[in-house]
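Whatever order the structure lists ligands and atoms in, that order sets their numbers, starting from 1. Values below: all heavy atoms of this structure, side chains included; hydrogens, waters and symmetry mates excluded.
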Amino acid sequence: MPDVDILIVGAGPAGCVAAAWAKRAAPELDVVVLERDRAVGTPVRCAEGVGDAGLREFANPEGAPWVARKISRVIFIAPNDSEVRVAERDVGWILDRTRFDAFLAAEAGGLGAAVLVGTEAAGMTPGPHGRWDVRVRSARGETTYRAKVVIGADGVEAMVGRWAGLETRVPARDMESCAQYVVRGIDFDPDAIYLQFGHDIAPGGYAWVFPKGVGIANVGLGLVALKSDGRNAREYLDAWLARRYPRGACAGYTVGGVIVHTTVTQTYTDGVLVAGDAAHMINPLSGGGIVNAMKAGRLAGCTAAAAIRAGDTSARRLAAYHHAWMELLGLDHLKYYRIKRALEDLDDEFFNALARTVNAIPQERRTLGRIFTHALVKHPQLIPVAARFFM
Ligand SMILES: Cc1cc2nc3c(=O)[nH]c(=O)nc-3n(C[C@H](O)[C@H](O)[C@H](O)COP(=O)(O)OP(=O)(O)OC[C@H]3O[C@@H](n4cnc5c(N)ncnc54)[C@H](O)[C@@H]3O)c2cc1C
């Protein structure tokens with residue numbers, strides 16, 4: 001039975017960054033990452049967009065081979081197709097996740113963590129002396145790892161938290177179903193991301209165009225199934241594409257779930273931490289989770305390493321992770337979630353009117369603060385939404 005200090009389930013951004021930071025914090029520890037897919041970073045189930053500042057906390061994107069495109073504009077599209085440009089600066093990047101996740105895994109490997117691909121955690125039970133016995137399957141057969149700390153970084157379909165008895169269920173209204181194509185041969189501003197709202201387009205979510213190059217983009221949408229008219233995400237996407245880009249050639253297709261909820265109430269128990277999508281650490285307004293997963297991974301890796309060094313991996317000690325996360329982003333997510341719920345009550349006509357209001361502000365003066373103030377003055381329906389931010 002392999003005996004390790006930290007066993008991480010999942011080699012996405014949360015798991016790879018957790019491994020790297022655990023090794024940085026305590027190089028003497030044995031850190032093993034399990035990844036059930038046969039290669040880290042594939043298949044890609046993501047639109048691959050990240051903000052500039054968050055990404056730079058972990059890696060320098062300038063000239064990096066894992067970057068597809070730099071983004072300097074955000075264009076919102078109202079339900080009636082009117083466009084609103086809201087940013088003209090370096091706002092973010094579109095990654096090549098296949099390469100980016102592999103880069104993160106290589107970084108963890110370079111620091112001494114073992115990343116085992118094609119290797120799946122199949123269950124876990126408490127072992128002796130506060131350790132966990134994790135059943136692991138691979139082409140080589142089945143084995144059991146004994147670990148002092150298990151980090152569940154196993155994404156949206158996470159099981160580690162459940163195996164450890166944590167409450168990780170997602171209310172149906174907070175689970176978005178997404179569909180996405182890589183589309184070639186379409187005309188759009190390659191330096192901008194586009195986001196379109198509308199009940200008939202993506203009920204409860206939005207549609208996006210995230211450029212990967214000139215004429216090629218990730219084009220997708222996320223919706224809440226409870227609000228749909230019976231069609232699934234792909235059917236909504238096909239309808240949107242047919243209307244917006246009838247000549248686009250679809251080169252690749254993916255589906256996936258995004259949890260637009262708040263952080264699970266408890267992200268730790270004796271010898272276990274959960275991080276990233278597995279702990280619902282996605283921004284519930286935007287659905288973005290890559291940078292959040294890395295931030296949570298960094299906290300989880302450091303907390304686990306310090307706990308092992310101190311010889312105390314109890315829930316009491318590991319609770320520090322939860323508090324640090326809530327302080328860092330978890331409490332903000334609670335506010336964003338309340339805004340998301342309040343926005344759900346507003347209809348398409350409201351968003352069309354809001355677009356007209358914002359477009360009346362000269363583009364060079366269109367800062368988020370000004371947009372917000374104008375919007376509140378012209379659309380009193382927004383006051384309860386804004387109030388929810390503080391409540
Ligand atoms: C369609 C779509 C578009 C998105 N677009 C964006 C975007 O533009 N920007 C953004 O920031 N976020 C986006 N997201 C969300 C983003 O992809 C996730 O928040 C992010 O990948 C979370 O990282 P993670 O490490 O927590 O989980 P993941 O990246 O999901 O990694 C989890 C890993 O665990 C592995 N695993 C699971 N179970 C086991 C097991 N039992 N044993 C071993 N391995 C296991 C999986 O194979 C996977 O590799 C999108 C999501 C979807 C579905």
Side-chain angles (χ1 to χ4, degrees), residues 7-19 32-51 54-55 68 71 92-95 97-98 100-102 104-105 115-124 134-138 145 150-163 175-182 193 195 202 205-212 217-223 233-234 237 252-260 274-284 286-297 300:
L7 187 68
I8 300 172
V9 180
C16 291
V17 170
V32 173
V33 187
L34 309 178
E35 172 51 55
R36 76 173 162 209
D37 288 333
R38 277 190 288 177
V40 172
T42 55
V44 175
R45 288 190 203 90
C46 186
E48 305 174 292
V50 283
L55 177 61
I71 297 301
W93 303 84
I94 305 300
L95 302 173
R97 282 273 316 254
T98 305
F100 182 67
D101 288 20
L104 294 178
V115 182
L116 309 180
V117 293
T119 309
E120 180 181 34
M124 63 188 226
V134 181
R135 228 161 14 89
V136 172
R137 273 195 223 118
S138 73
Y145 277 70
V150 178
I151 298 180
D154 42 348
V156 78
E157 291 153 12
M159 290 306 294
V160 168
R162 272 192 241 178
W163 292 332
M175 175 56 105
E176 284 190 13
S177 312
C178 303
Q180 177 179 278
Y181 293 105
V182 179
I193 57 168
L195 307 168
Y206 61 85
W208 63 79
V209 178
F210 282 14
K212 299 213 66 164
N218 290 331
V219 181
L221 58 76
L223 56 80
R234 187 173 187 170
L237 178 58
Y253 172 66
T254 186
V255 287
V258 173
I259 299 166
V260 282
V274 287
D277 281 13
H280 308 179
M281 290 167 167
I282 302 123
N283 178 329
S286 70
I290 301 169
V291 168
N292 297 352
M294 294 195 287
K295 290 186 180 193

Atom of M281, atom of N292 and distance for their closest heavy-atom approach: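 Heavy-atom minimum between the residues: O-ND2, 2.9 Å.
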
Beyond-backbone contact of Y253 with R234, side-chain heavy atoms, under 4.5 angstrom: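 Touching, per the 4.5 Å side-chain cut-off.
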
With a cut-off of 3.5 Å and sequence neighbours excluded, list every side-chain donor-acceptor pair involving residues 39-50.
| residue | atom | partner | partner atom | Å |
| --- | --- | --- | --- | --- |
| T42 | OG1 | A39 | O | 3.4 |
| E48 | OE1 | K212 | NZ | 2.7 |
| E48 | OE1 | N218 | ND2 | 2.8 |
| E48 | OE2 | R97 | N | 2.8 |
| E48 | OE2 | K212 | NZ | 3.4 |

Pairing residues for I71 by the side-chain contact (heavy atoms from CB on, under 4.5 Å) criterion, not counting sequence neighbours: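 Per chain and number, I71 pairs via side-chain contact (heavy atoms from CB on, under 4.5 Å) with R69, V91, I94, I193, P211.
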
Just list the N/O pairs, ligand 1 to protein, that are under 3.5 Å apart, with the distance for each.
| residue | atom | partner | partner atom | Å |
| --- | --- | --- | --- | --- |
| ligand 1 | 5 (N) | A47 | N | 2.9 |
| ligand 1 | 8 (O) | E48 | N | 3.2 |
| ligand 1 | 8 (O) | G49 | N | 2.9 |
| ligand 1 | 9 (N) | G49 | O | 2.7 |
| ligand 1 | 11 (O) | G49 | O | 3.4 |
| ligand 1 | 11 (O) | G289 | N | 2.9 |
| ligand 1 | 11 (O) | I290 | N | 3.0 |
| ligand 1 | 12 (N) | G289 | N | 3.1 |
| ligand 1 | 17 (O) | R97 | NH1 | 3.3 |
| ligand 1 | 19 (O) | D277 | OD1 | 2.7 |
| ligand 1 | 19 (O) | D277 | OD2 | 3.3 |
| ligand 1 | 21 (O) | R97 | NH1 | 3.1 |
| ligand 1 | 21 (O) | R97 | NH2 | 3.2 |
| ligand 1 | 25 (O) | P13 | N | 3.2 |
| ligand 1 | 25 (O) | A14 | N | 2.9 |
| ligand 1 | 26 (O) | D277 | N | 2.9 |
| ligand 1 | 29 (O) | R97 | NH2 | 3.2 |
| ligand 1 | 38 (N) | R36 | NH1 | 3.4 |
| ligand 1 | 41 (N) | A121 | O | 3.1 |
| ligand 1 | 42 (N) | A121 | N | 3.0 |
| ligand 1 | 44 (N) | R36 | N | 3.1 |
| ligand 1 | 47 (O) | E35 | OE2 | 2.7 |
| ligand 1 | 47 (O) | D37 | OD2 | 3.4 |
| ligand 1 | 49 (O) | E35 | OE1 | 2.7 |
| ligand 1 | 49 (O) | E35 | OE2 | 3.2 |

By salt bridge (charged side-chain N to carboxylate O under 4.0 Å, His left out) - contacts of R137 (at least two apart):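 Applying salt bridge (charged side-chain N to carboxylate O under 4.0 Å, His left out) to R137 gives E120, E142.
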
Whether Y206 and W208 hold their rings parallel, tilted or perpendicular, with breakpoints at 30° and 60°: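 Perpendicular: the ring planes of Y206 and W208 meet at over 60°.
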
